[in-house]
Structure formats: structure tokens, C-alpha cells
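Written below as C-alpha cells is the structure these notes are about.
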Amino acid sequence: MAIEVRIPTILRSYTGGAKVVDGAGDTLADLLTDLDSRHGGLRGRLITDAGTLHRFVNVYVNDEDVRFLGALDAKLSDGDSVTILPAVAGGAFGFAAAAAISSHSAAAAAISSHSISSHSAAAVVAGDAVAAR
């Protein structure tokens with residue numbers, strides 16, 4: 001049984017730089033065990049100590065998210081294509097910072113136009129800062 005597995009750049013050090021590798025297995029768990037036997041350490045980057053997929057790892061079988069196919073129990077067939085995609089981070093902080101600045105500006109405007117007491121104003125700004133985290 002041959003299953004084509006697409007490897008993201010960040011994990012290619014485990015596959016000797018290969019973008020695509022072949023593997024075998026009846027389920028995704030079996031496939032990852034097979035891949036780890038030939039590309040040591042790969043499975044450990046995808047599976048938690050509790051034995052589940054890391055939440056920042058997205059795996060697709062023939063363009064279907066394995067979370068909807070049974071996760072590690074997802075059934076595989078000869079000729080399937082598996083794609084591993086790590087979740088991309090970075091943009092969320094920019095949005096949170098923009099929201100905090102926007103909220104802070106709105107709070108400052110409310111303070112100056114509505115004569116809120118300084119204690120209440122501090123609470124509004126502090127609350128917005130906490131909400132932005």
C-alpha cells in the first residue's frame with residue numbers, strides 16, 4: 001500500500017529535505033508510525049504525549065481534514081494523498097494590538113467627552129487591555 005505524504009518545509013529536516021515521501025498504513029496512526037520508522041522524530045512533532053494530533057497541526061487525506069474523518073483513526077487506502085500543514089501563527093497579535101489601540105482610543109475619547117471619574121476611566125482602559133489579550 002503506497003500513500004503519498006506531502007511534508008511541509010518546517011519538517012523536511014526529518015525527511016532529508018524531501019517534499020514528498022511514501023508511506024503505508026491502514027489508518028493515519030499506522031502511517032505516522034511507518035513514517036517515523038524511516039524518518040525518525042517525525043511522529044513526535046505531530047503527536048502529543050497524550051497520543052492525539054497537536055492542535056497546531058492540520059492533516060488532510062485527499063483534501064479532507066482528518067479531524068472530520070476520525071483523526072488518527074482515519075482510514076487510508078492505497079493511492080491516498082496525505083498533506084501535513086502546520087498552523088501558521090503571527091497575524092493574531094497584530095489584530096489584538098490594533099483592537100487594544102482602538103479600544104484605548106475609544107476609552108480616552110469617552111473619558112474626555114463624558115467626564116468619567118478617573119477611577120472608572122482606569123477600569124475601562126485596564127479592562128480593554130485585558131480583553132485584548
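Residue indices begin at 1 and follow the sequence shown.
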Point to revise | side-chain contact (heavy atoms from CB on, under 4.5 Å), paired with L72, selected from L53, D30, V59, V66 | key: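 Considering L53, D30, V59, V66, a side-chain contact (heavy atoms from CB on, under 4.5 Å) with L72 is found only for L53.
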
Check your understanding: Only one of D80, L69, L76, V82 forms a side-chain contact (heavy atoms from CB on, under 4.5 Å) with N62, so which one is it?
Key ->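 Passing option: D80.
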
Between [X] and [Y], which heavy-atom pair has the shortest distance, and what is it?
X	Y	answer
T83	R6	OG1-CD, 3.6 Å
I10	P86	CG2-CG, 3.9 Å
D36	L42	OD1-N, 3.1 Å
T15	A18	OG1-O, 2.9 Å

Pairwise side-chain contact, [X] with [Y], heavy-atom cut-off 4.5 Å (strictly under):
X	Y	value
L35	V5	yes
T52	I47	no
I7	R12	yes

Exercise for review: Could you work out the complete set of other residues in the hydrophobic cluster of L85, with links drawn between I, L, V, M, F, W and Y side chains under 4.5 Å apart?
Suggested key: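 Y60, all in the cluster of L85.
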
Point to revise | Residue pair H54, T48: steps toward the side chain to side chain contact (heavy atoms under 4.5 Å, CB included) verdict | key: CA-CA 6 Å; H54 278 289; T48 67; 3.4 Å; yes

Practice item. Could you please spell out the steps behind the side chain to side chain contact (heavy atoms under 4.5 Å, CB included) verdict for I84 and L11? Key: CA-CA 9 Å; I84 301 169; L11 296 177; 4.1 Å; yes

Exercise for review: Using the rule that two of Ile, Leu, Val, Met, Phe, Trp, Tyr join whenever any of their side-chain heavy atoms come within less than 4.5 Å, decide whether F56 and L28 are in one cluster.
Suggested key: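 Yes, because F56 and L28 connect within a single hydrophobic cluster, where side-chain heavy atoms sit under 4.5 Å apart.
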
Point to revise | Steps toward side chain to side chain contact (heavy atoms under 4.5 Å, CB included) verdict (T27, K75) | key: CA-CA 4 Å; T27 65; K75 300 292 182 200; 4.0 Å; yes

Exercise for review: Show your reasoning for whether side chain to side chain contact (heavy atoms under 4.5 Å, CB included) applies to I3 and D22.
Suggested key: CA-CA 5 Å; I3 298 168; D22 287 329; over 6 Å; no

Exercise for review: Could you tell me whether R38 atom CZ has more than 12 heavy atoms of other residues or ligands within 6.0 Å of it?
Suggested key: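 Count over threshold, so yes.
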
Review point. Roughly how far, to the nearest 0.5 Å, is the CZ atom of R45 from the NE2 atom of H39?
Key: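 Interatomic distance, H39 NE2 to R45 CZ, rounded to 0.5 Å: 16.0 Å.
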
